[in-house]
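Beneath this line is the structure, given in structure tokens, with notes to follow.
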Amino acid sequence: MSVSGRAEPRFRALSSANERGIRTFTRPMDANGVATRVSEYFGCNVFGFQQMKKALPTEDVKLLQEYAVSGSKLTLETANKVALAVKEWAISRGASHFTHWFQPQTGSTAEKHDSFFSFDKDGSAIEIFNGKLLIQQEPDASSFPSGGRRATFEARGYTIWDASSPMFLVETANGVTLCIPSLFVSYSGEALDKKTPLLRSIHAVNEQAKDALKLIGDKTEYVTVTCGPEQEYFLVDESLWALRPDLVQCGRALIGAHPPKGQQLEDHYFGSIKPRILNFMMEVEHECYKLGVPLKTRHNEVAPAQYECAPIFEFANLASDHNQIVMEVIKNVAKRHRLQALFHEKPFDGVNGSGKHVNWSLATAEGINLLNPGDKPHENVRFLYFLAATLKAVHDNAELLRASVAPAGNEFRMGANEAPPAIISAFLGDALSEVVEKIASNSTGNLSDRAKTIDMELAKVPEIAKDNTDRNRTSPFAFTGNKFEFRACGASQSVSDPTYFLNTAVAESLRQMNERLRSLSPKPDHKTVLAVIAETFKGAKAVQFDGDGYSKEWHQEAEKRGLAHNRTTPAALAALLKPSVMKMFANHKVMTEGETEARYNVFIERYNKIRLIELETMNELLLSQVYPAAIEQQILLSTALKSAKEITGSYPSVQLESYKTLVSKTDRLLVEISALGKVMEVAKGTHDESKAATFLADKAVPAMAQARALASELEECIDDALWPLPKYRELLHIS
Ligand code: ADP
Ligand code: MG
């Protein structure tokens, strides 16, 4: 289509989007041209325990393994040996540089590269790397968010090697870099990143869970948290994306009329994956496999242009690092395919948003899943104890869990007819709910067929729970047979945030249950343990809900039950400042009160910055693109009206009306633009960040929605050849 004028770039972009070929990449092949099995090259760019075993004495490998699970101290001597081994390995693979790879509170990863290259005493060029360089680096912390914890005179921050997550090589077209997963802390040891509290929270759970097991007659060396994050994302063609300043600047479409065909035909979810996308996914998987990320599933999601992948679950710390890698790889590989990946929670109003379902459980050193009902009475008691602890954690800390899933984008997603509401509740399914109910009410009586019979020995629980696979997509926190699925998490979030909040809450409920149990008997029998389980179930009852979380009735019911419904991010984040929450984090040594306050500050500041960027982008978009298009449409109509009058002697009445409507809408547009400007001005002038955040949530979001509605009306009545911005139907339907 050849068009000149305002819409020309859009039509050109559409043509190039439609004409894209399939990108191929070089897959590893054997001599006969058969693709190498994944199992043969999986983790080839990772310096994991297998490589360590080859390169290091057994006792050092053992030390490192211990460190990985319990955080025990590592000596410089061990670090020196690891450094030497990893240097040889990395250089033999073509690496020239190394970097500590860490996760500041920006949601993405950070790195500062150093070359292995140096001079020796004689001035000869050599490659150097040692334990000191491996353990610690010192990036300037002053440009990372700290939430006010880092005075400028103490701008020093340290990155410290996290030996529990393996180092890996990042290959780019012109070289290879060794990445060293690291913590990021301030001069005085305060956490400046997302990994530090996650690791501390894993240790907190370990301590309490081990104590619980000891009390109920089990033993293990350690208990760790397992995690499998499902990642949703959108893909948009690069040329179309580039013409949308809102997608470029904010990651979401601030305006855009809904197309006649969105997702209502339900033809995308699990639909056949289009070749361009499938080939992209295959390259993502290939890159991830090399990096030791065990991606398992891939499929289309509900909204058009929306997709999902999920890995095989791992230890939470590794799962969190790997999820960062997955997002990074998706972004980079998308560019190679001339696509842009969007991780925003609600990039397109009117169709489903993107979540990150964080599947969560606890496992012993022996690999026993503590949320897996076993088939012996003792295993059932253990299962019920940890189930009760998790329910109690959600009950006692519902607001905290809501705060853990509060990135600015999730405000648009939660409760928007596709994602769980902002009321935190837990789903168990009919059968398990019945079991829980019976235990809570100390009734040993008849369970339904579905729940089978139970006596206090609970011999029948396992079949019940395993059969109980009904899915409830409307629940923010659902039990799915042998794990909980925290569905309220936002797609853009680090896995760490929801996980360390949840871990800490579970550590605390285990602590309370253990204490109670100990007070009843130092060596409790099954009956006593069950009594505590029963009590705990009873206390956590209010948070249990198996019905439709989208329904109005639930909102009313939740209110009656006294459950919090913190709709906005600032309302949700306020939970972090509650003294009980701060104390809990401090008692479990996850964060000091100061660190928790700092987190709050970082979250709030980030929210404000995001909303202000959106306001500014929207203002510019409306003024520089929508308004001129509307004016041009007016000129078009007025010219037509004038010639009609010249010919027929009067203005055609319906056309005249539509012209007048257009004029008044264009006028209103300027009013909306100025309203957005005012909101921006007030927010910028509000120096108290919490007040600014509340103001932005209450005023900016509705103001943007109102302006957006008007822009949509204009989009629908302006000549397609005058409309400069790629439309929803174009952005969302990739050929
Ligand atoms: P669904 O879409 O049906 O929920 P997926 O296969 O997409 O299932 O994702 C389920 C996720 O849960 C996977 O990442 C899986 O590895 C993870 N998972 C399974 N068992 C556990 C567990 N014990 N702990 C943590 N995550 C788990
Ligand atoms: Mg899924």
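Keep in mind that this is a model prediction, so the values were computed, not measured. Excluded from the calculations below are hydrogen atoms, water molecules and symmetry mates; all remaining heavy atoms, backbone and side chain alike, are included. Both ligands and their constituent atoms are indexed starting at 1 by order of listing. Position 1 is the first residue of the sequence, and the numbers go up from there.
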(message) I'd like the name of whichever of Ala316, Pro311, Gly367 reaches closest to atom 13 (C) of ligand 1 through any heavy atom.
(response) Pro311
(message) For the 3.5 Å polar cut-off, considering only N or O atoms, please tell me whether Asn359 and ligand 1 meet it.
(response) yes
(message) Test of understanding: given a 4.0 Å heavy-atom threshold, classify the contact between Ala363 and ligand 1 as side chain, backbone, both, or neither.
(response) neither
(request) For Glu308, counting its heavy atoms only, list the atoms of ligand 1 lying under 4.0 Å from any of them. (result) 7 (O)
(message) Tell me whether Lys589 is salt-bridged to Glu207, with the criterion being a basic N under 4.0 Å from an acidic carboxylate O.
(response) no
(request) Looking only at distances, please establish whether an N/O atom of ligand 1 is found under 3.5 Å from an N/O atom of Phe313. (result) yes
(message) Going by the closest heavy atom to atom 6 (O) of ligand 1, which one wins out of Ile312, Thr480, Thr297?
(response) Thr297
(request) Quickly, which of Pro229, Cys227, Cys288 forms a side-chain contact (heavy atoms from CB on, under 4.5 Å) with Pro311? Name it, please. (result) Pro229
(request) Would you mind telling me if ligand 1 is within reach of the side chain of Glu485, the backbone, both or neither, using heavy atoms under 4.0 Å? (result) side chain
(message) Closer than 4.0 angstrom, basic N to acidic O: yes or no for Asp321 and Lys195?
(response) yes
(request) Give me the one residue out of Ile423, Asn410, Asn566 that meets side-chain contact (heavy atoms from CB on, under 4.5 Å) with Arg402. (result) Asn566
(message) With a 4.0 Å cut-off on heavy atoms, is Lys296 in contact with ligand 1?
(response) no
(message) Looking at every non-hydrogen atom in both residues, tell me the closest pair between Leu183 and Leu199 and how far apart they are.
(response) CD2-CD1, 3.4 Å
(message) Between Thr297 and Ala310 (side chain of the first, backbone of the second, donor and acceptor by atom type, cut-off under 3.5 Å), is there such a pair?
(response) yes
